Amino acid sequence: MRYFLAVLLALLLVLPAYSFNRVVSLSPAITEIIYYVGADSKLVGNTVFCDYPDDAKKKVKVGGIVNPNVEKIYSIHPDLVIASNLTPKATLKKLKTLGIKVIVLRLISLKDIENAIEVIGNALSNNGEAKKKEFIRSLEKKAKTLSICLNGKKLIILISFQPIYVAGSKSFIGEVFSLSKAKVIPDISFGVVSNEFIVMNKPDLALLSFKGNKLKLAEKFLRKFSIKSIFVTPDNLLHPSPRILKSLEEVEENICRK
């Protein structure tokens, strides 16, 4: 009897991971996490914005993050759709009405990323806990290396200029760099700040994570006030997924190795 109960418990723990075989992702970050947990063979569709890794470009495109094509999704016969909190609830309700299982993940804080790795890993590969721990170990190791150069430095993270939109200490980006002992300003999640805010607070370093003509304007403005700046690849920094680890490597290479 005990043997039977043990086998049944094992089956219950394993079954959820293998009950989904055709998955659609409605977020680039979710797609990246699916690859991170090694379940890309189950990914049959994703958004037009899902382009990393390169193999993700080959999946069936089902529209955008906020405007996915429900008919297109249904036509590829998924048994699971994984979405972020950015996808409209009405769209997700339609998918559920069609008999498709839907998982919605909040992707705002660092803890949210860790939770998403665990949930997706458990749902698709039966390795959620292990992959979450792997991510945390990698993050802590890279943050510790970077702390040698960032410890105590005031840091501001710009993700656009004119207007100046920043990722503050309460964003997942700010949380990551706070682990490197940097003092991230301002003490918000995401928001707009003024030129005067930057001048008055005089950060030691500014990370610039956007492209185009305004990048040069931002660099010129910061140089005027002797504020050091470096460019960080937006797709690495702005995605709430394990891809953010590459941002730590970028900053470490530009700050610590030069």
Side-chain angles (χ1 to χ4, degrees), residues 1-47 49-62 65 68 73-87 92 95-96 98-143 172 175-176 236 239-246 248:
M1 184 65 176
R2 288 181 179 178
Y3 174 78
F4 173 77
L5 290 174
V7 171
L8 179 60
L9 179 60
L11 286 173
L12 289 173
L13 290 172
V14 173
L15 185 58
Y18 294 98
S19 59
F20 302 115
N21 294 300
R22 296 183 61 81
V23 184
V24 168
S25 163
L26 297 184
S27 159
I30 289 170
T31 293
E32 290 157 17
I33 293 172
I34 290 172
Y35 277 87
Y36 183 74
V37 302
D40 48 286
S41 64
K42 296 183 177 182
L43 183 65
V44 295
N46 58 25
T47 76
F49 304 107
C50 297
D51 58 7
Y52 184 88
D54 283 341
D55 185 68
K57 299 175 185 177
K58 302 174 185 177
K59 306 297 181 178
V60 176
K61 299 303 174 182
V62 299
I65 300 167
I73 294 172
Y74 185 71
S75 73
I76 56 177
H77 311 293
D79 48 26
L80 176 65
V81 170
I82 309 179
S84 74
N85 50 306
L86 295 178
T87 300
L92 300 177
L95 292 170
K96 292 176 182 177
L98 292 170
I100 302 170
K101 170 72 175 177
V102 175
I103 294 177
V104 182
L105 297 170
R106 181 179 184 270
L107 293 172
I108 297 174
S109 69
L110 182 56
K111 285 292 183 185
D112 291 338
I113 299 174
E114 295 170 6
N115 176 66
I117 292 171
E118 184 173 16
V119 170
I120 293 172
N122 285 341
L124 303 180
S125 304
N126 200 34
N127 63 357
E129 182 66 23
K131 296 301 287 188
K132 181 178 80 168
K133 289 180 179 178
E134 178 186 301
F135 170 72
I136 293 172
R137 284 195 301 269
S138 295
L139 175 60
E140 290 176 344
K141 181 179 179 180
K142 293 180 188 300
F172 71 90
E175 288 180 286
V176 165
N236 289 340
H239 288 204
S241 77
R243 196 171 177 181
I244 198 170
L245 297 175
K246 291 182 177 292
L248 291 173

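For the single chain, residues carry numbers from 1 onward in sequence order. Quantities reported herein were computed from a predicted structural model and do not represent experimental measurements.
- The CD atom of Glu129 sits 4.5 Å away from the NZ atom of Lys132 when rounded to the nearest 0.5 Å.
- Closest approach of Leu110 and Glu175 over heavy atoms only: N-OE1, 2.8 Å.
- Counted within 6.0 Å of NZ on Lys246, heavy atoms from surrounding residues, nucleotides or ligands total 12 or fewer; the atom is thus considered open.
- For the pair Lys42 and Phe20, the cation does not sit on the ring face, since its NZ or CZ is not both under 6.0 Å from the ring centre and inside 45° of the axis.
- Under the rule for a side chain to side chain donor-acceptor pair (under 3.5 Å), Ser138 has no partner lying at least two apart in sequence or in another chain.
- In terms of heavy atoms, Ala29 sits closest to Pro240 at CB-O, 3.6 Å.
- Checking side-chain atoms of Lys61 against main-chain N and O of Thr47 turns up a donor-acceptor pair under 3.5 Å.
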Practice item. Begin from the C-alpha positions of Tyr52 and Thr31 and carry the test side chain to side chain contact (heavy atoms under 4.5 Å, CB included) through to its verdict. Key: CA-CA 8 Å; Tyr52 184 88; Thr31 293; over 6 Å; no

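- Remark: of the listed residues Leu43, Ile30, Ile100, Val62, Val62 is the sole one forming a side chain to side chain contact (heavy atoms under 4.5 Å, CB included) with Val24.
- The shortest heavy-atom contact between Ile76 and Gly45 is CD1-CA, 4.0 Å.
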Check your understanding: Stepwise, does the side chain to side chain contact (heavy atoms under 4.5 Å, CB included) test hold for Leu98 with Ile73?
Key -> CA-CA 10 Å; Leu98 292 170; Ile73 294 172; over 6 Å; no

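- Rounding to the nearest 0.5 Å places CG of Asp40 at 13.0 Å from CD of Glu32.
- Between the CD1 atom of Ile103 and the OG atom of Ser25 there is a distance of 11.5 Å, given to the nearest 0.5 Å.
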Review point. Does the pair Leu139 and Leu248 meet the rule for a side chain to side chain contact (heavy atoms under 4.5 Å, CB included), with working shown?
Key: CA-CA 9 Å; Leu139 175 60; Leu248 291 173; 3.6 Å; yes

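- In this structure a side-chain-to-backbone donor-acceptor pair under 3.5 Å is present from Asp79 to Asn21.
- Side-chain N or O atoms of Lys131 include none that pairs as donor or acceptor with a backbone N or O of Ile120 at under 3.5 Å.
- Contact between Lys142 and Leu245 at its shortest, heavy atoms only, is CD-O, 3.8 Å.
- The backbone N or O of Val44 sits nowhere less than 3.5 Å from a side-chain atom of Arg22 that would complete a donor-acceptor pair.
- With a 4.5 Å cut-off on side-chain heavy atoms, Val23 and Pro78 do not count as touching.
- For Tyr36 (side chain) and Ser241 (main-chain N/O), no donor-acceptor pair under 3.5 Å exists by modelled atom type.
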Practice item. Go through the steps for Ile244 and Asn236 under the test side chain to side chain contact (heavy atoms under 4.5 Å, CB included), then give the verdict. Key: CA-CA 5 Å; Ile244 198 170; Asn236 289 340; over 6 Å; no

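- Applying the side chain to side chain donor-acceptor pair (under 3.5 Å) rule to Arg106 yields the partners Asp112; only residues at least two apart in sequence or on another chain are considered.
- Closest approach of Pro28 and His239 over heavy atoms only: CB-CE1, 3.7 Å.
- Every residue meeting the salt bridge (Lys or Arg N to Asp or Glu O under 4.0 Å) condition with Glu114, not counting sequence neighbours, appears here in chain and number order: Lys111.
- A side chain to side chain contact (heavy atoms under 4.5 Å, CB included) with Leu26 is found for exactly one of Val104, Val81, Ile82, namely Val81.
- Between Ser84 and Leu107, the shortest heavy-atom contact is CB-CD1, 4.1 Å.
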